[in-house]
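Worth saying up front: this structure is predicted, and the values here are computed from it rather than measured. In what follows, chains are A, B, ... by sequence order, proteins preceding strands, each numbered from 1.
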Amino acid sequence: MTRLLRTLALLTATGFASPALAQDTIVLGVSAPLSGAAASWGIGTDWASQQAAKHINDAGGIKVGGKTYKVEVRSVDNKYTAGDGMKTAETLISRDKVKIFTQSVGTAPVKAIQALTERENILLFTSAWGRSVKGPSFPLTFTIINTPDEVLAPIYATVKQRHPEVKNVLMLNPNDASGQDTAKDATKFWTEAGIKVLDSLYFERSTTEFQPIATKIVSQKPDIVDLGGTPPANAGTVLKELEVQGWKGVKVIGAGTGSDVLVRTGGTAANGTYMGLAADFDGPTATEVQRKLNAGAKEVLKESLNVIHMGGYDGVMAAKAGIEAANSLDPQKIAEALPKAVFDISYGKAAFGSKDVYGTPQQLLIPIVVTQIQDGKTVEVVRIVPDELKKRLGQ
Amino acid sequence: MDLAAQLLVNTLQIGSVYVLFALGLTLIFGVMKIVNFAHGEFFSLAALVVAVLMPVLAPALGLPLWVDFLIALAAAIGAVLVLGTLTYWIGFERYLRDLVGSFILSVGLILFLQGVFVEIFTATPRPVEPIVTGTISIFGGRITAQRLLIVALAITFTAMLYLVLQRTKLGKALRAVAEDREAAMLQGIRYRSISFYGWLIGVSMAGLAGALIAPLTVSQPAIGGDYLIKAFIIIIIGGLGSIPGAIFGGLLVALIESIFGYYYDLTIATIIMFVLVMVFLLVRPQGLMGHVER
Amino acid sequence: MAGGTLLEASGISRSFGGLKAVSNLSFAVRENEILGLIGPNGAGKSTTFNLISGYYRPHAGKLTFAGRDITGFKPSKVGRLGLVRTFQHHSLLADLSVYENILTGAYMFVRDAAEREQRIRETAGLVGLTSHMDELAKNLPHGHQRLLSIAIAFASRPKLLCLDEPLTGLNGAEINHALDVIRRIRDDFGTTILLVDHNIRAVMRTCGRIVVLNFGEKLAEGSPEDVSRNPEVIRAYLGGGTA
Amino acid sequence: MSNAKWADVIGWALLAVLLVLALTSGDTYTLKVVLWISLNILAAAALRFVMLTGELNIATAAFWGVGAYVAAILTAWYKLPFFLSLLIGGLAPMLLSVLFGYVTLRTKGPYFMLISFAFTEVLRLIYTQTESIGGNSGMIGIYPPRWLDPYYSAIVVAIVAALLAVFFWLERGAFGKLLKAIQNNDAVTESVGIDVLKMKVICLAVASFAAGVGGALFAHANRVISPGDFSFLVAVYALAYVKIGGETQFSGAIIGAVLLTLLNQYVIAFGHYEHLFFGGAIVVAMLVLPNGLMGLFERVAIAFGGTRENAAPAARGGH
């Protein structure tokens with residue numbers, strides 16, 4: 001409850017209706033689910049974003065045109081829906097004069113917010129998956145985590161190489177924009193890898209009983225089950241049910257993020273699972289910043305950070321880099337300056353790129369990591385630093 | 001794997017928890033004539049308490065896991081009773097037999113309690129280690145020993161509730177009040193205290209369901225919502241206030257979920273249930289098992 | 001003087017869970033008469049009322065009203081045809097004013113606003129509630145409430161007004177007033193009346209003819225004098241409890 | 001002037017203030033808040049209108065959603081004129097509500113409440129399964145015509161005020177009294193020739209037209225819609241406005257919507273505490289203001305020498 005009291009104190013201090021701000025503060029927006037079934041994504045993202053703001057302020061703030069600004073992150077609950085995403089984003093934009101959203105989670109709300117931000121000249125950083133949110137028609141949108149185009153080809157290739165006998169795959173995804181986009185991309189990449197897609201199933205995010213789905217999967221006898229964008233807690237439950245019902249095959253979670261929750265829910269059934277987004281922020285390849293953040297999150301949130309949470313931190317850092325590179329607070333100028341900049345984020349030095357894939361350089365270049373659960377531990381199987389990033393860093 | 005057997009096994013294990021949850025809801029309706037939309041929050045609370053205690057108890061006590069589970073279950077019911085007493089005294093007592101007032105109160109409670117639960121338990125999904133391991137085959141349908149244990153417990157609790165209602169003085173009073181409040185009051189039954197006990201038993205059933213589901217799934221503060229919608233369908237089909245109706249409805253809903261979830265998908269299954277409810281209401285507005293009114 | 005048949009029930013039956021509440025009952029209400037329907041508790045009077053006013057559907061038999069087969073008609077349709085009833089319990093719109101209560105009765109039958117206003121005044125005047133127009137029905141004294149329930153029904157100016165125990169709970173003076181109102185409705189407006197009440201003496205005093213029910217069947221029918229001398233009726237009342 | 005009339009004056013005055021703000025304010029945030037308040041007023045009034053018959057119609061949310069989707073499809077896909085799609089956005093749910101009502105309004109109280117809840121959720125699930133309207137992610141790019149953009153809030157306030165005037169006129173007239181009669185005692189009402197089912201269906205149809213127009217206005221204000229926007233919570237919030245404003249008075253819906261929308265704007269800043277505070281506010285209001293703010297107002301008025309009204313009965317659901 002201490003956080004609650006602190007927030008209350010803060011609100012009382014800053015006034016009632018619209019928290020007034022000191023002149024030299026930049027307000028950054030975060031739009032993420034803070035309630036409901038996906039709340040843990042939003043709450044972790046909010047926390048990581050606040051940490052980034054603290055780091056920046058502790059280090060003296062952001063300098064623009066000779067003036068120093070403090071930053072403040074305001075997170076709003078998009079409830080994972082387009083409508084609430086839109087409404088809360090409008091409040092941040094029109095009331096709090098937010099010019100940059102440093103992280104936005106959930107494809108449906110992000111698509112909604114994007115319609116607004118692109119029109120009103122506002123910068124949007126997002127972890128939304130789909131190709132449909134990127135490209136030349138969205139010059140002010142930047143993606144700050146790896147997405148199917150980066151991750152899927154390497155992970156599927158790894159699976160194919162280690163299990164040459166597999167012929168077909170069955171996919172399960174949450175029934176929403178994120179899941180549908182994932183399924184679409186996954187179908188493409190599996191087919192390119194020479195694997196037949198038997199079926200592509202969906203489930204509602206609020207589902208708690210996965211037995212009927214598991215029965216359905218098992219009856220089709222797939223060689224591989226790809227849980228795509230299924231959140232780790234649900235994925236673990238599905239894997240456990242699959243094991244109970246006697247299925248033994250190759251387990252893949254293309255867009256799998258948190259591995260400790262997966263292990264806790266799946267138990268031994270999670271062993272052997274390949275994941276595309278499950279960076280281990282405690283492991284030997286994690287940076288110092290990531291390890292510290294992760295330790296902090298475990299203490300405060302009782303949860304390890306995942307890639308989407310980390311996107312909250314990286315979004316704020318990228319925003320700072322963009323502002324300083326442009327030496328301006330104008331989103332247009334920042335968007336022009338960002339692709340040229342090389343800057344510090346939680347992964348170390350990073351930059352935006354991938355123009356050859358998307359048509360515009362708006363994809364954050366960070367290491368692509370394929371991990372596998374082995375005896376309950378997350379083990380890196382493949383680690384690819386994008387060639388483009390190497391080039392930009394002069395390696 | 002024999003498909004029919006597997007689907008039936010699925011039905012039984014899904015249904016047993018639905019039945020418990022819906023029993024509480026229908027009992028509260030019968031006695032208080034309100035629909036407790038906050039029922040899911042009691043479910044969530046119990047699930048969260050079990051999910052939080054299990055990993056703590058095991059190393060601290062060094063007892064067999066099933067003993068830990070029983071302790072956690074008792075603690076969960078304790079928490080539910082405390083919350084139930086508070087919400088009754090502060091709120092529901094004033095909204096007995098007021099459908100609209102209690103509805104809005106319970107919806108306010110949903111929002112409020114979810115906020116509080118996120119604050120206390122965090123939004124992180126919490127799994128629980130298996131209490132017993134192993135898989136058992138029933139006529140070719142496979143079920144974990146864990147789930148079998150849960151099903152057995154759910155059936156036991158349902159039977160206990162049934163016995164309490166049929167045999168005890170309190171149970172008879174509860175049924176009398178549900179049947180005809182005024183007649184019951186004429187016989188000297190104190191409605192207010194009876195409705196309080198009815199409420200506590202009702203929310204405890206939700207709590208039991210939540211505590212039992214905790215080892216089978218991952219618990220987080222929003223977990224009750226999915227069960228709530230299913231439970232509404234169950235009690236409409238079974239007839240509001242009808243105990244046998246809730247049992248029948250719970251198993252029917254689980255069967256539909258199991259079969260249609262297999263052949264189509266779970267959302268289609270839910271839509272089918274809703275359509276079924278519409279048809280039921282058309283044919284028999286008082287539900288399948290409801291009393292025929294003169 | 002009584003004329004032709006307004007309502008005819010022929011062989012109507014209705015049972016509940018095997019219990020026959022009304023069985024093979026036939027009787028007729030003649031135009032412009034006041035017909036009394038009496039019988040011991042549980043004789044089937046209320047069921048009969050609910051059957052003829054469409055609240056229950058007969059399992060057998062036929063109902064004819066003003067030359068029309070109304071068997072199985074909804075209550076609202078029966079009401080629109082001119083057969084309107086009052087209720088024993090919950091006979092009012094408790095949270096509405098007297099004015100609004102009577103307005104509800106007139107609503108379907110008078111479309112013109114001024115005419116409707118006139119109808120409401122006239123009806124209130126007839127039962128003596130003119131000075132209570134803005135009071136809520138639930139705040140009225142019991143005697144006024146009984147009169148108001150008659151006023152609601154009569155505001156529709158029905159052909160047949162069926163009164164279900166309008167005298168229950170009234171004192172002597174109130175009973176006389178209510179009976180006076182009932183007689184005036186028949187005399188001044190030519191309305192036919194079917195009256196059910198426990199107050200046998202009052203029914204005898206007011207009605208031209210009486211039908212006696214027992215155990216869902218017709219026991220006797222005739223003038224008050226005939227009926228009161230009928231040994232079966234006497235036995236039913238002495239054996240069956242309250243009169 | 002009696003308390004009830006004072007209450008009406010307050011309600012209409014609030015609407016007038018909203019209209020003036022919408023016409024004169026240049027601040028986009030103020031305009032947005034005025035817009036949201038107006039839409040919430042409409043939802044609350046539509047819900048309350050059916051409450052006059054005693055039924056709690058959670059399907060208000062469903063018809064709100066149908067209006068939104070229909071109007072969105074018409075303007076975004078078929079490029080129909082905005083006002084025409086608005087009209088059809090009202091008529092489509094109205095027609096649907098007649099079918100729905102004819103089937104379900106034979107039940108009452110908790111059964112009708114639960115079935116209207118089920119209907120709302122089933123429609124929402126159907127949207128999620130319909131890929132052509134974007135499934136779970138919904139539709140984007142639903143714009144009002146460009147020339148209307150600066151006046152959009154004012155147009156919304158005006159339309160809402162017009163629909164409220166219709167509700168007000170109907171409620172004050174014989175029809176409204178009839179609805180209250182049905183709520184009070186449907187058996188007596190039926191005995192005098194009134195087809196209760198038909199009246200309830202008409203009442204529902206009127207309310208659903210307004211809800212549909214509300215949904216259509218919402219879709220064009222938000223420019224995006226998704227199934228999650230039309231869950232039963234829409235009706236829950238509407239009911240909260242009605243209850244906290246005070247259900248006995250027509251103005252209760254207005255006052256409740258104004259206050260709670262403003263409160264919600266405030267609690268948005270609480271991040272993930274939003275739920276906690278909004279839910280807490282509803283609970284506290286239910287505990288300290290059993291008759292809502294209008295009830296409080298009446299008590300204060302009586303304390304200062306006003307007269308107790310033989311006011312219209314409470315619009316209540318259930319038995």
Side-chain angles (χ1 to χ4, degrees), chain A residues 1-4 33-44 47 172 175 201-219 221 231-237 240-241 243-247 258 260-268 297-298 300-304, chain B residues 1 3 6-7 9-11 13-14 17-18 47 52 55 111 114-116 118-130 133 135-137 141-144 146-147 213 216-227 229-230 254 257-267 269-270:
Chain A
M1 283 311 246
T2 46
R3 274 188 300 148
L4 176 63
L34 299 171
S35 62
S40 80
W41 285 356
I43 291 172
W47 185 82
L172 176 69
N175 180 28
L201 307 176
Y202 293 99
F203 66 96
E204 292 300 320
R205 280 198 188 269
S206 61
T207 308
T208 47
E209 275 293 353
F210 286 94
Q211 277 183 311
I213 292 174
T215 306
K216 188 169 181 173
I217 294 174
V218 172
S219 71
K221 301 190 179 65
N234 297 343
T237 317
K240 201 156 69 177
E241 294 299 341
E243 187 183 65
V244 169
Q245 298 188 18
W247 179 81
D260 54 341
V261 176
L262 180 78
V263 170
R264 271 192 284 149
T265 46
T268 53
K298 275 183 173 168
V300 180
L301 305 175
K302 313 279 182 267
E303 183 179 17
S304 293
Chain B
M1 186 189 76
L3 183 61
Q6 185 65 50
L7 291 181
V9 166
N10 288 356
T11 302
Q13 42 193 308
I14 300 171
V17 176
Y18 284 175
V52 166
L111 297 177
Q114 276 195 7
V116 172
V118 167
E119 192 57 31
I120 298 174
F121 298 103
T122 76
T124 318
R126 291 172 184 274
V128 172
E129 298 280 328
T133 50
T135 304
I136 293 156
S137 185
R142 291 167 67 84
I143 180 171
T144 54
Q146 166 106 333
R147 281 202 182 251
I213 207 74
L216 300 181
T217 182
V218 281
S219 309
Q220 36 91 1
I223 190 179
D226 198 35
Y227 286 83
I229 293 175
K230 302 270 168 55
E257 191 156 289
S258 171
I259 290 176
F260 285 91
Y262 174 76
Y263 286 106
Y264 301 96
D265 76 38
L266 285 176
T267 314
T270 312

### Task
Decide yes or no for A/Thr208 and B/Ile223: does some side-chain heavy atom of the first lie under 4.5 Å from some side-chain heavy atom of the second?
yes

### Query
For the candidates B/Thr144, B/Val17, B/Thr135, B/Val218, which exhibits the highest count of non-hydrogen atom pairs separated by less than 4.5 Å from chain A?
B/Val218

### Query
What part of B/Tyr264 is in contact with chain A, defined as an atom under 4.5 angstrom from a non-hydrogen atom: side chain, backbone, both or neither?
backbone

### Task
Please look at B/Ile229 and chain A and tell me whether the side chain, the backbone, both or neither of the residue comes under 4.5 angstrom of a heavy atom of that chain.
neither

### Message
Tell me every residue that passes side chain to side chain contact (heavy atoms under 4.5 Å, CB included) with A/Thr268, counting only those two or more places apart in sequence or in another chain.
### Response
A/Glu243, A/Asn271

### Task
Examine whether an atom of B/Leu216 lies under 4.5 Å from a heavy atom of chain A, and if so say whether it belongs to the side chain, the backbone or both; otherwise answer neither.
backbone

## Note on the structure
The side chain to side chain contact (heavy atoms under 4.5 Å, CB included) partners of B/Ile143 (sequence neighbours excluded) come to B/Val9, B/Gln13, B/Ile136, B/Ile138, B/Arg147, B/Leu148

### Query
Does any heavy atom of chain A fall under 4.5 Å from the side chain of B/Thr124, the backbone, both, or neither of them?
both

### Query
If you take all heavy atoms of B/Tyr262 and A/Lys216, which pair is closest and at what distance?
O-CD, 2.9 Å

### Query
How close do B/Ala123 and A/Ala39 get, heavy atom to heavy atom, and via which atoms?
CB-CB, 3.6 Å

### Query
Could you walk me through whether B/Leu266 and A/Glu209 pass the side chain to side chain contact (heavy atoms under 4.5 Å, CB included) check?
CA-CA 9 Å; B/Leu266 285 176; A/Glu209 275 293 353; 5.9 Å; no

### B/Val118 vs A/Ser35 side-chain heavy atoms within contact, under 4.5 Å
no

### Query
Shortest non-hydrogen contact from B/Pro125 to A/Ser40?
CD-OG, 4.0 Å

### Message
If only side-chain N and O atoms count, and only distance matters, is there a donor-acceptor pair under 3.5 Å linking A/Thr215 with B/Asn10?
### Response
yes

### Message
I need the minimum non-hydrogen distance between B/Ala222 and A/Gly36, along with the two atoms involved.
### Response
CB-C, 3.7 Å

### Query
Are A/Ile43 and B/Thr122 side-chain neighbours, meaning at least one heavy-atom pair lies under 4.5 Å?
no

### Query
Any side-chain heavy atom of B/Ile14 within less than 4.5 Å of one from A/Gln211?
yes

### Task
Under 4.5 Å heavy-atom distance to chain A, tell me which part of B/Tyr263 shows up: side chain, backbone, both or neither.
backbone

